[in-house]
Amino acid sequence: MSELISLIDELKALGENKINLVAISKTQSPERVMELYNEGQLDFGENKVQDLIQKQIQLPKDIKWHFVGHLQRNKVKYIAPFVHLIHAVDSLKLAREIDKQAQKLGKLISILIQAHIADEDSKFGIDVDDLPAFFDDLESQEFQNIDVLGLMGMATNSRDVEKVKGEFDGLAGHFETLRGKSWKSNIKMEYLSMGMSSDYNIAIDSGSNMIRVGTKLFGARKI
Ligand SMILES: *Cc1c(COP(=O)(O)O)cnc(C)c1O
């Protein structure tokens, strides 16, 4: 797995060892996941509930599973027992359901709020301009069983570096503002999850501390 090692080396060379690398293993076989696991990678991400459950059953129990896709409320209960971080919460209803399922299990579930920064309609998330109000709403709910740990965003799928950089900078600005506020205990702004294979360098430049990389680690997906 020289790609992983070179990516990790690359991050270290940047002096950015506080950057969390989530290996996005969607569509990849458990064997491929094990190759990275054996290199010491513990954080993996999936975007489909069924695939996440399958892999969680088959693979070592110390893997930290991230859910990075759009999550339907009726499926929260299936991943609640083991999920490490849910990246893409974009409604109070979904947050409420996660809190409810976590409460049933007597645990805390960590989530990120997905912001919409791309100019493509296909990507989910809260409009960046609505983030302050959304966080006020979140705080007022006083959820006891979720930890809101930060923000997640996906830039426009574009070769225009300036455009992508502008989107990441915009989200990073909101992250800093939200982080600077004193929230009640269930909001702790620690993670800014942005950057994928094609744009993680730009994202890191903008202040990302969690990148979600699939293709660059595993090669092209088979779908
Ligand atoms: C697939 C996916 C990624 C990884 O994309 P690559 O281009 O393969 O690195 C990151 N984030 C989310 C939300 C994804 O669905």
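Order of listing sets the numbers, starting from 1, for every ligand and every atom in it.
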Only heavy atoms count here, so choose which of I24, T27, V22 is nearest to atom 3 (C) of ligand 1. I24
Given R212, Q114, R221, which one has a non-hydrogen atom that is nearest to atom 11 (N) of ligand 1? R212
Check ion pair K165-E162 (N to O, under 4.0 angstrom): no
Ion pair check, D147 and K188, cut-off under 4.0 Å: yes
Please confirm whether the backbone N or O of N145 pairs with a side-chain atom of D99, one donor and one acceptor, at under 3.5 Å? yes
Checking Q28 side chain against G214 main chain: does a donor-acceptor pair fall under 3.5 Å? no
Spacing of [atom1] belonging to [X] relative to [atom2] belonging to [Y], to within rounding of 0.5 Å:
{"X": "S208", "Y": "N201", "atom1": "OG", "atom2": "CG", "value": "10.5 Å"}
{"X": "F134", "Y": "E139", "atom1": "CZ", "atom2": "CD", "value": "13.0 Å"}
{"X": "L71", "Y": "N47", "atom1": "CG", "atom2": "CG", "value": "11.5 Å"}
{"X": "F82", "Y": "I109", "atom1": "CZ", "atom2": "CD1", "value": "10.0 Å"}

Element-labelled atoms of ligand 1 that are located less than 4.0 Å from some non-hydrogen atom of V213: 9 (O)
Report, in ascending order of atom number, the atoms of ligand 1 lying under 4.0 Å from any heavy atom of G214. 4 (C), 6 (P), 8 (O), 9 (O)
Counting only heavy atoms, which portion of [X] has something under 4.0 Å from ligand 1: side chain, backbone, both, or neither?
{"X": "E46", "value": "neither"}
{"X": "K216", "value": "neither"}
{"X": "H87", "value": "neither"}

Shortest protein heavy-atom distance from [atom], along with the residue and atom involved:
{"atom": "atom 5 (O) of ligand 1", "result": "M196 CE, 3.5 Å"}
{"atom": "atom 9 (O) of ligand 1", "result": "S197 OG, 2.5 Å"}
{"atom": "atom 8 (O) of ligand 1", "result": "T215 OG1, 2.5 Å"}
{"atom": "atom 13 (C) of ligand 1", "result": "V68 O, 3.5 Å"}
{"atom": "atom 15 (O) of ligand 1", "result": "K26 NZ, 2.6 Å"}

For S25 and R32, test the side chains for any donor-to-acceptor distance below 3.5 angstrom and give the result as yes or no. no
Heavy-atom contact under 4.0 Å between M152 and ligand 1? yes
